[in-house]
Amino acid sequence: MFFRLLTFALFQALGAMLAAVFASAFAKGQVSTISAALAGAAVASYFWLVSDLVRGLRLLRWLRMGDGENAPVDSGLWGEFANRIRRLVRSNERQMQQRDERLQEFLAAMQASPNGVALLDKELRIEWFNESAARHFGLDARRDLQQHFGNLVRDPGFAAYLAAGDFENDVLMPARSNTASMPVRLSVHIHPYGQGRSLLLSRDVTALEQAEAMRRDFVANVSHEIRTPLTVLGGFVETLQTLNLNEAERARYLDLMAQQASRMQSLVSDLLTLSRLEGSPLPSGQDWVAAAPLLEQCRQEAEELTRVLWGESQNLEFDLDPALELAGSAMELHSAFFNLIGNAARYTPGGKTIRVQLHANADGGAFFAVQDEGVGIAPEHIPRLTERFYRVDRSRSRDTGGTGLGLAIVKHVAQRHGAELSIVSVPGEGSRFQIQFPASRVRLAPSAEPAAAPQLLVTP
Ligand code: ADP
């Protein structure tokens, strides 16, 4: 400011001096030197003001054009103005850019969300949505922005939810891609925010609903399985209490009661095995189990089982690599092997042949297979056999002491050992159940010494 006053004063002094020199040189006697100096100072002031105005106008034009970069280069007060304004504009631009980047990152994070997100305006028109929402509701960004959400999603349950306007809870509805063979269920929740706007969240709850349905089915199945023998037991107890039976009849009833109790025991034992399989860490790949003693134990148990079931022995053929060892849990492997051998014994009439094999493959893996000449299984049942409590023939399964959990246990054990269960069957001809072990869990015993028999906890 001082510099500005100084230049103004210098301008005036220069004007006054020039006018005084001019008056004394060319207009001697006509104009006094003082008046000439005053006039010169006034004219100089006028020029100074005009040039100042021009610089001011240049700055104003630059501001009006909104060109943040090319500010007029000037000195003095106007130059200072221009500089400061330019710095302010630059810092504002930087801040806006940072805000823009943050907004883009935020939107990218919303895009990455596995849940559907849509922003709706006061009239429930779509302002923005992410890819999950597009997938859930079949939306298209080019076509559906600014459309009323209710016009695009026509599910009656959702329409009622929108109409009621009570967004305290979520609503369940099928996704756009929902089909009978591949159901996709959504939980949709609207959250009002700001001045009448809404945030719509959608979540795929198909797996959750399926797990809940499975849990319900499981509890219903277990209750049913236990209720049946309990009812029978109750009936026998009542008979024993009310009727005057002779010794032979009493013994027969007690026998039947023991059968029901053993059925419940098998069920509880299988349920415990399943829950242990689900809850325990995966079997180690370093604990080697000798296959020969394991299968010898299965053979003895199977012979006993067939005697009890059919009164005569079946032809049990065991064909295995005696030096073969499997890495994993002896208890689990025994459970899986005996379940398959036991099934073959139960679903194959006496006198027929059951062939059990355990051999190394060329790729270093090994397979365990049980082949029978039993009733066989129709192809439509095969994919469901490993479901809990799934039975092809309920009465045959129950009559032979089945719980409906055997193959579920086998599948679990196979998965825990990195192995795969496969089933091939022809009704009326027989079945072949095979577990294929990966090379990482198979070796041939380093010494010829047969390993000690593993301690087994599961018995039929
Ligand atoms: P269960 O205790 O009823 O045998 P599983 O899970 O072991 O239960 O087997 C499921 C069903 O698969 C059985 O009920 C039976 O119908 C069928 N199944 C299993 N193994 C055989 C087999 N070797 N031959 C014929 N059917 C079989």
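Listed for the N115 side chain is no donor-acceptor partner under 3.5 Å among the backbone atoms of M110. R443 places no side-chain N or O within donor-acceptor distance of the main-chain N or O of L326, the cut-off being under 3.5 Å. The closest donor-acceptor contact from the side chain of H417 to the backbone of S329 lies under 3.5 Å. Remark: side-chain polar atoms of N361 are not paired, donor with acceptor, to backbone N or O of G364 under 3.5 angstrom.
Residue G406 comes nearest to N339 through the heavy atom pair CA-OD1, 3.5 Å, listed as atom of the first residue, atom of the second, then distance. Nearest heavy atoms, G157 versus V171: O-CG2, 3.9 Å. For the residue pair L59 and F81, the shortest heavy atom distance occurs at CD2-CB, 3.6 Å. Scanning all heavy atoms of the two residues, the minimum distance from H136 to P114 falls at CE1-O, 4.2 Å. When all heavy atoms are compared, the tightest approach of A360 to D321 is N-OD2, 3.0 Å. Heavy atoms only, all atoms of each residue included: V289 and G328 are closest at CG2-O, 3.6 Å.
Taking the ring centroids of F167 and Y161, they lie under the 6.0 Å cut-off.
Contact check for S45 versus F47: no side-chain heavy atoms found under the 4.5 Å cut-off. Considering only heavy atoms from C-beta on, L405 comes within 4.5 Å of L267 through its side chain. In this structure the side chain of L274 reaches within 4.5 angstrom of the side chain of H412, judged on heavy atoms. Contact annotation: the side chain of L324 never approaches that of H359 to less than 4.5 Å [non-hydrogen atoms, C-beta and beyond]. Contact annotation: the side chain of F337 approaches that of L294 to within less than 4.5 Å [non-hydrogen atoms, C-beta and beyond]. In this structure the side chain of Q357 reaches within 4.5 angstrom of the side chain of R432, judged on heavy atoms. Between I190 and L162, some side-chain heavy-atom pair lies under the 4.5 Å cut-off. In this structure, the side chains of V188 and M173 come closer than 4.5 Å at one or more pairs of heavy atoms.
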Would you please test R4 and D52 for salt bridge (charged side-chain N to carboxylate O under 4.0 Å, His left out) and show each step? CA-CA 10 Å; R4 188 172 165 78; D52 194 58; 2.8 Å; yes
field: Audit row: R99, Q95, side chain to side chain contact (heavy atoms under 4.5 Å, CB included) steps and yes/no
entry: CA-CA 6 Å; R99 253 178 246 155; Q95 275 181 12; 3.5 Å; yes
### Message
If you apply the rule salt bridge (charged side-chain N to carboxylate O under 4.0 Å, His left out), what do you find for R355 with D319, and how did you get there?
### Response
CA-CA 8 Å; R355 189 176 163 80; D319 166 19; 3.4 Å; yes
Walk me through whether T179 and M182 qualify under side chain to side chain contact (heavy atoms under 4.5 Å, CB included).
CA-CA 5 Å; T179 56; M182 179 94 77; 3.4 Å; yes
- Message: Using the rule given for side chain to side chain contact (heavy atoms under 4.5 Å, CB included), can you reason through Y193 versus L119, listing the C-alpha separation, both sets of side-chain angles and the distance that settles it, and then say yes or no?
- Response: CA-CA 10 Å; Y193 75 98; L119 302 179; 4.0 Å; yes
message = Apply side chain to side chain contact (heavy atoms under 4.5 Å, CB included) to residues R86 and W62 and explain how you reach the verdict.
response = CA-CA 10 Å; R86 195 176 46 220; W62 169 67; 4.2 Å; yes
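Within 6.0 Å of CZ on F8 lie more than 12 heavy atoms contributed by other residues, nucleotides or ligands. Within 6.0 Å of CZ in R64 there are 12 or fewer heavy atoms belonging to other residues, nucleotides or ligands. The number of heavy-atom neighbours closer than 6.0 Å to CD1 of I34, taken from other residues, nucleotides and ligands shown, is 12 or below. Annotation for Q195: atom CD does not count as buried by contact number, only 12 or fewer foreign heavy atoms lying within 6.0 Å.
Using a 4.0 Å cut-off between charged side-chain N and carboxylate O, E131 and R135 make no salt bridge. The existence of a salt bridge linking R276 and E332 is excluded, since no basic side-chain nitrogen approaches an acidic carboxylate oxygen closer than 4.0 Å. Note on R90 versus E93: no salt bridge recorded, every NZ/NE/NH1/NH2 to OD/OE distance being 4.0 Å or above. The residues R102 and E105 are annotated as not salt-bridged, no charged nitrogen and carboxylate oxygen being separated by less than 4.0 angstrom. The pair R55-E80 does not meet the salt-bridge criterion, since no charged nitrogen lies less than 4.0 angstrom from a carboxylate oxygen. The pair E225-R391 meets the salt-bridge criterion, since a charged nitrogen lies less than 4.0 angstrom from a carboxylate oxygen.
With hydrogens and angles left out, the side-chain atoms of D270 and T403 include a donor and acceptor closer than 3.5 Å. A donor-acceptor pair shorter than 3.5 Å can be found between the side chains of D204 and T206. Side-chain contact of H189 with E168: a donor-acceptor pair under 3.5 Å is absent, judged by distance alone. Side chain to side chain, S422 and Q434 fail the donor-acceptor criterion of an N or O pair below 3.5 Å. Donor-acceptor pairing under 3.5 Å is lacking for the side chains of S269 and S266. No side-chain donor-acceptor contact under 3.5 Å links R203 and S132.
Of the inter-residue distances, the one linking T273 atom OG1 with E278 atom CD reads 11.5 Å to the nearest 0.5 angstrom. Taking CG of D217 as the reference point, atom NE2 of H224 lies at 13.0 Å (rounded to 0.5 Å). In this structure, NE2 on H334 lies 8.0 Å from CD1 on I341, to the nearest 0.5 angstrom. To the nearest 0.5 angstrom, M214 atom CE is 11.0 Å from N221 atom CG. Interatomic distance, OG of S177 versus CG of L186, reported as 7.5 Å (0.5 Å rounding). To the nearest 0.5 Å, atoms CD (E429) and CG (D372) are separated by 11.5 Å.
Between F137 and the options I126, D144, V153, a side chain to side chain contact (heavy atoms under 4.5 Å, CB included) holds for only V153.
Taking the ring centre of F149 as origin, the terminal cationic atom of R125 falls outside the region bounded by 6.0 Å and 45° from the ring axis.
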